Amino acid sequence: AQTRLNLPVWLGIGKALEGALEGGSGPVDRETLVSMYRDWPWFHTTVDLIETLMAKSDRTIAAHYDERLVADKELLELGAALRKRFEVTEQSLLTISGHKAPAEDYPDLQRSLKARAHYIDVLNVIQVETLARIRAAEASGATSGYDYQTLKDALLLTINGIATGMRNSG
């Protein structure tokens with residue numbers, strides 16, 4: 001959740017829905033999924049919950065973590081593939097719900113997320129820079145002293161600030 005991709009929430013769902021929505025190759029087709037969303041409270045709630053958590057996500061912030069903190073080319077490609085998979089999942093859910101944007105039915109949540117985004121985005125940028133500096137300090141063996149401890153404290157503050165701002169547990 002700190003990187004704002006919220007991976008455990010949606011990973012796999014888009015792939016599962018993709019077959020039904022695009023080619024009818026799944027166990028149910030698009031019309032059945034739309035009907036389930038409309039008529040089955042449990043399915044409706046599940047789709048809305050996943051949309052809500054996707055509304056809290058930010059692929060741009062997730063990409064910033066990768067760009068600044070990941071050096072391995074294969075891992076960078078994995079990050080890009082996951083962000084693409086996020087888009088497919090989001091579009092699949094929006095197709096089923098008929099929404100134009102995730103959590104469209106929850107205007108209070110939309111306003112709250114928009115108001116908090118400015119503060120949380122800054123905390124994410126600070127967290128990325130803090131992690132980069134901690135890694136550099138550890139690589140050079142400078143893991144004692146006031147500066148290193150200040151970085152560790154700043155990291156903890158950003159973790160708590162982001163979790164609080166996103167209203168997630170972390």
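These numbers were taken from a predicted model, which means no experiment stands behind them.
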Nearest-0.5 Å distance that lies between atom CZ in Phe43 and atom CE in Met36 | 4.5 Å

Kindly give the heavy-atom pair with the smallest separation between Gly14 and Arg85, and that separation in Å.
-> C-NH1, 4.1 Å

Any side-chain heavy-atom pair from Gln91 and Glu87 closer than 4.5 angstrom?
-> no

Just how far is it from atom CZ of Arg30 to atom OG of Ser92, taken to the nearest 0.5 Å?
-> 10.5 Å

Can you list the residues that meet the side-chain hydrogen bond (donor to acceptor under 3.5 Å, both in side chains) rule with Arg135, with sequence neighbours excluded?
-> none

For a quick test of your reading: what N or O donor-acceptor pairs under 3.5 Å do the side chains of residues 113-123 make, sequence neighbours left out?
| from | atom 1 | to | atom 2 | distance (Å) |
| --- | --- | --- | --- | --- |
| Arg116 | NE | Ser112 | O | 3.2 |
| Arg116 | NE | Ser112 | OG | 2.9 |
| Arg116 | NH1 | Gly165 | O | 2.2 |
| Arg116 | NH2 | Ser112 | OG | 2.9 |
| Asp121 | OD1 | Arg4 | NH1 | 3.0 |
| Asp121 | OD1 | Arg4 | NH2 | 3.0 |

Residues in ring-ring contact (aromatic ring centres under 6.0 Å, His included) contact with His99, at least two apart in sequence or another chain | none

Taking the side chain as every heavy atom from C-beta outward, state whether Leu33 and Val47 have any atom pair closer than 4.5 Å.
-> no

Could you tell me whether a side-chain N or O of Gln110 sits under 3.5 Å from a main-chain N or O of Pro102, the two making a donor and an acceptor?
-> yes

Could you state the interatomic distance from CG (Leu11) to OG1 (Thr89), rounded to the nearest 0.5 Å?
-> 7.5 Å

Indicate, with yes or no, if Val28 and Trp40 share a hydrophobic cluster defined by side-chain heavy-atom contacts under 4.5 Å among Ile, Leu, Val, Met, Phe, Trp and Tyr.
-> yes

Quick one: do Val128 and Val125 end up in the same hydrophobic cluster if we chain Ile, Leu, Val, Met, Phe, Trp and Tyr together by side-chain heavy atoms under 4.5 Å apart?
-> no

Contacts of Asp72 meeting side-chain hydrogen bond (donor to acceptor under 3.5 Å, both in side chains) (sequence neighbours excluded), chain-then-number -> none

Those residues at least two apart in sequence (or on a different chain) that pass side-chain contact (heavy atoms from CB on, under 4.5 Å) with Leu157 are none

Residues in side-chain hydrogen bond (donor to acceptor under 3.5 Å, both in side chains) with Thr32, at least two apart?
-> Asp29

Co-membership, hydrophobic cluster, residues Ile126 and Leu156, 4.5 Å side-chain = no

Value for CG (Asp58) from NE2 (His64), rounded to nearest 0.5 Å, stands at 11.5 Å

Measure across Ala71 and Leu76 and return the closest heavy-atom pair with its distance rounded to 0.1 Å.
-> O-CD1, 4.3 Å

Taking only distance into account, with no hydrogens and no angle test, what donor-acceptor pairs under 3.5 Å do side-chain atoms of residues 143-150 form with protein atoms, sequence neighbours excluded?
| from | atom 1 | to | atom 2 | distance (Å) |
| --- | --- | --- | --- | --- |
| Tyr148 | OH | Glu138 | OE2 | 2.5 |
| Gln149 | NE2 | Asp153 | OD1 | 3.0 |
| Thr150 | OG1 | Tyr146 | O | 2.8 |

Please list, chain by chain and in numerical order, all residues satisfying ring-ring contact (aromatic ring centres under 6.0 Å, His included) with Tyr65, sequence neighbours excluded.
-> none

Salt bridge (Lys or Arg N to Asp or Glu O under 4.0 Å) pairs touching residues 95-107, sequence neighbours excluded, are none

If you measure from CD on Gln127 to CD1 on Ile61, what distance do you get to the nearest 0.5 Å?
-> 10.0 Å

Min side-chain heavy-atom separation Phe86-Asn6 under 4.5 Å = no

Linking Ile, Leu, Val, Met, Phe, Trp and Tyr through side-chain heavy atoms less than 4.5 Å apart, which residues share a cluster with Val34?
-> none

Report yes or no: do Leu53 and Leu82 belong to one cluster of Ile/Leu/Val/Met/Phe/Trp/Tyr joined by side chain heavy-atom distances under 4.5 Å?
-> yes

Sequence neighbours left out, what passes side-chain contact (heavy atoms from CB on, under 4.5 Å) with Ala80? Give chain and number order.
-> Arg83

Smallest separation among heavy atoms of Ala103 and Glu51, with atom names | N-OE1, 3.0 Å

Hey, mind stepping through Val88 and Lys15 against side chain to side chain contact (heavy atoms under 4.5 Å, CB included) and telling me if it holds?
-> CA-CA 8 Å; Val88 170; Lys15 189 68 174 170; over 6 Å; no

From Leu69 CG over to Leu75 CG, what is the distance, rounded to the nearest 0.5 angstrom?
-> 12.0 Å

Side chains of Leu155 and Ile159: does their closest heavy-atom pair fall under 4.5 Å?
-> yes

What residues, two or more places apart in sequence or in another chain, satisfy side-chain contact (heavy atoms from CB on, under 4.5 Å) together with Ile50?
-> Val9, Trp10, Ile13, Thr46, Met54, Leu93

